[in-house]
Each structure stands twice: as structure tokens, then as C-alpha cells.
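Working notes, structure below.
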Amino acid sequence: MTELFELSYSNDEEFRRFLIHKVQQRLSGTRVMPVDEIQEIRASILFVMDHAEKGNSVVERFNNGKELLTAKLQYTFVLYQQLASDYKNFEIESIKDTLDEIGGFFKSYNLDYSATVSGAGLIDYQLANPVNDLQYQGIDFIQQYLTRLSSENKFIDFIPPSQVREILQVYTQRLGFDYRKDINNLYQLIFDQWIAKKIARSSTLSLLLTEPEAQFVYSIIQQRSIPAELTQFLVEHPYHQKTFQRFVQRVLSLDEPASIKNVLLLEESLQYELTLISAMPANDFTRMLETVETLKNQQDQVHFLLEKITSPYDLLDFLEQELVSRECCLQLLKEVSFELGLGLLLLVNQYQ
């Protein structure tokens with residue numbers, strides 16, 4: 001929109017008179033002003049006019065735009081105050097420094113002469129989903145930054161502090177960084193762990209994953225088979241959906257399941273080796289199929305199959321038979337053990 005006003009007003013006599021008026025106000029008795037400062041005032045005027053919703057003349061549009069931006073400035077300052085008082089920074093220095101810098105922005109921001117200035121270059125704490133400082137300027141940039149930071153803070157606030165500190169401690173130990181000085185984004189780190197635990201359908205008493213859980217997550221993402229309830233959560237929270245998409249892209253870029261440890265933090269534990277149980281003899285498999293056909297109740301079918309099937313090879317073979325209803329197969333897959341489900345996914349990945 002700013003470009004449109006440049007075309008309409010940059011060579012217009014009314015705009016030039018208004019610009020000269022603003023420059024003279026800014027001079028405050030001096031006779032010299034650097035060219036770049038004049039250009040900044042010009043850009044500021046265009047920025048304010050771009051936010052106007054009514055008015056025909058330059059003055060009318062500037063005044064209306066300034067009124068609307070003043071309201072946005074006030075709203076954003078309230079958001080800043082809430083974050084400054086509520087944000088759990090876990091002693092991360094860049095968060096504190098960034099909030100201090102933004103506090104300075106509100107003290108110095110001027111809609112008459114420097115409305116496009118945001119101080120984006122002074123913001124040290126990076127968001128999981130950064131604000132494009134070419135697309136957003138001035139108070140628009142700060143509002144976007146604080147709104148996104150607020151979304152991140154609300155998510156972190158949802159996680160027990162003890163779990164966050166556990167992750168930060170492991171992060172420091174594994175990577176050799178002092179998280180208080182070196183972490184790029186706290187929310188991204190915690191969100192990745194949380195979402196992985198949800199995909200694995202495992203206990204969330206800790207956000208650290210076991211190696212089998214992490215490899216299970218790798219397989220699920222490779223299969224694009226995200227649980228329905230998790231998909232619904234992401235649809236309802238667009239910011240988290242963007243973060244999840246970044247997480248998925250990092251997982252998809254991995255060469256092998258073992259590389260998932262480069263994306264997620266895992267528990268320190270004894271070596272865990274998943275051994276795939278061999279398929280049952282063909283005669284036993286045939287008798288199992290015959291017995292299943294005699295069971296008319298879906299719950300009875302599922303219970304019987306859970307007792308008989310211990311090998312992912314048999315589970316895959318059974319699912320390919322299409323002997324029972326789709327609903328029965330889905331219920332069976334929900335109730336199989338974690339190891340059996342993981343084995344099935346690894347087999348499917350291997351055959352593709």
C-alpha cells in the first residue's frame with residue numbers, strides 16, 4: 001500500500017507542502033537536516049497515511065492514520081506490559097534484553113517523524129516463526145513480534161516448569177552450551193519435545209524421549225500419519241501449526257531413523273535394541289484366521305488377535321487379508337503394544 005501512496009503523493013504539491021511542514025517542525029530552530037533524516041520523515045508520513053481508513057487530502061489521511069496507529073500503539077503497549085510481568089524467561093538473557101529493548105521502543109517511537117522505525121536489528125531473542133522486517137515496519141513489526149512471543153509464552157506456561165528445566169539441563173549437558181546465553185528459542189525446543197511425545201502417545205511425565213519413541217516419531221512423520229486429535233489441535237492453533245511444519249521438515253530431511261537424535265533430546269538409558277519377533281508358522285496363522293471368522297463381536301475379535309499376534313510380520317500379514325472390518329483393524333492398531341506398533345511401522349518403511 002505504501003507504494004501506492006508514493007505514486008499518488010510523492011510528486012504531488014500537497015504532499016510536498018506537508019513534508020516541508022513536518023521537516024520544519026523537526027528542525028526546531030536549526031537550519032540543517034541530513035538528507036537521510038528527511039527521507040525518514042517522508043517514509044514516516046507515507047507509513048501513517050497507509051494505515052488510514054478515511055480521508056481524501058494528505059492531512060486528513062495522515063491524521064486518521066495517526067489516530068488508528070496511536071490506538072494500536074496503546075494496545076501493543078498493554079501486551080508488552082503483560083509479557084514483561086508474566087514471561088517465564090528461565091534466566092535466558094536474550095529474552096530479558098529483548099524485552100528491555102522493546103520497552104525503549106515505546107519511549108522513543110514517534111508517529112510524526114519515525115513511524116517506520118522498529119528497532120528490529122536490536123532484538124536478540126529469535127522467534128520460532130520470525131517476523132519479516134521487510135513486510136512489517138514500525139509498530140506493526142513490534143505488534144507482530146509481541147503477539148507471536150505471547151503465543152510462545154502461553155505454550156511454555158502450559159508445561160510444568162520442572163519439565164522445562166529438565167529439558168534445559170539436558171540441552172546444556174548434551175550440546176555443551178549454557179542455555180542462558182546460547183539458546184535461540186525456548187518455545188521451539190519445548191514444543192518439539194512435547195509434540196513428539198504426543199505423536200508417540202507416551203507418558204508426558206518427562207518430555208525426554210526414549211530411543212524407540214523417537215524412532216517411532218520418525219516413522220509416523222515419514223508416513224504422514226499424524227493422530228487426528230493432534231491434527232485438530234494444530235488447526236485450532238495456527239502459530240503452533242507453523243512450528244510443527246518446521247519440525248516436520250527437519251525430520252523429513254534426516255537420512256535415517258537414528259538421526260532423529262539430532263532433532264530431539266533423548267533419555268540417557270541403557271542401550272535398547274528392538275528385536276522383531278519372527279512370524280508364526282503358516283499353519284498357526286491359518287488357524288488364527290479361521291478362528292477370527294467365527295467371532296462375530298468386534299471386541300472379541302480384537303481381544304483374540306491381541307493374544308495371538310506378537311510379531312509385526314503377522315500383524316502386517318493379517319491387515320492385508322481384509323478379513324475383518326476397517327473399524328476392527330483401527331481398534332486393533334490402537335491397542336497393540338508400543339513395541340509391536342513400532343515394529344509394524346519399521347516394516348512398512350522397509351518395504352516402501
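One is the number of the first residue; the rest follow in order along the sequence.
A salt bridge is defined here as a Lys NZ or Arg NE, NH1 or NH2 lying under 4.0 Å from an Asp or Glu carboxylate O, and Glu229 with Lys198 fails to meet this definition. Salt bridge status for Lys308 with Asp284: absent, with no side-chain N to carboxylate O gap under 4.0 Å. Salt bridge present: Arg165 and Glu91 bring a charged side-chain N and a carboxylate O closer than 4.0 Å. The pair Lys96-Asp100 counts as a salt bridge, with a side-chain nitrogen and a carboxylate oxygen less than 4.0 angstrom apart. Between Asp50 and Arg61, no side-chain nitrogen of the basic residue sits less than 4.0 Å from a carboxylate oxygen of the acidic one, so the salt-bridge criterion is not met. Between Lys54 and Glu60 there is no salt bridge, since no side-chain nitrogen of the basic residue lies less than 4.0 Å from a carboxylate oxygen of the acidic one.
Classification of the His240-Tyr187 ring pair by plane angle, with boundaries at 30° and 60°, yields tilted.
Within the 4.5 Å cutoff, the side chain of Asp112 has no heavy atoms near those of the Ser44 side chain. The shortest side-chain heavy-atom distance between Asn64 and Val48 does not fall under the 4.5 Å cut-off. The shortest side-chain heavy-atom distance between Leu146 and Phe141 does not fall under the 4.5 Å cut-off. Using a 4.5 Å heavy-atom threshold, the side chains of Ile142 and Tyr109 count as separate. With a 4.5 Å cut-off on side-chain heavy atoms, Leu340 and Thr310 do not count as touching.
Note that the OG1 atom of Thr147 and the CG atom of Leu83 stand 9.0 Å from one another [nearest 0.5 Å]. Considering CD of Gln81 and CG of Asp86, their distance stands at 11.0 Å, rounded to 0.5 Å. For the atom pair CG (Leu305) and CG (Asp314), the distance works out to 11.0 Å, reported to the nearest 0.5 Å.
Without hydrogens or angle criteria, Gln331 side chain to Val302 main chain gives no donor-acceptor distance under 3.5 Å. With hydrogens and angles ignored, the 3.5 Å screen pairs no side-chain donor or acceptor of Ser225 with any backbone N or O of Ile221. Remark: the backbone N or O of Ser94 is not paired with any side-chain donor or acceptor of Asp124 at under 3.5 angstrom. Checked by atom type and distance alone, the side chain of Gln301 pairs as donor or acceptor with a backbone atom of Leu295 at under 3.5 Å. Between the side chain of Glu14 and the main chain of Ser57, no donor-acceptor pair closer than 3.5 Å is present.
Close placement of the Phe106 and Phe77 rings is indicated, their centers lying within 6.0 Å of each other.
Checked by atom type, the side-chain pair Thr210/Glu267 shows no donor-acceptor distance below 3.5 Å. Defined by atom type and a distance below 3.5 Å, a donor-acceptor pair is present between the side-chain atoms of Asn129 and Arg246.
A side chain to side chain donor-acceptor pair (under 3.5 Å) with His21 is found for one member of Arg17, Gln25, Gln24 and no other, namely Gln25.
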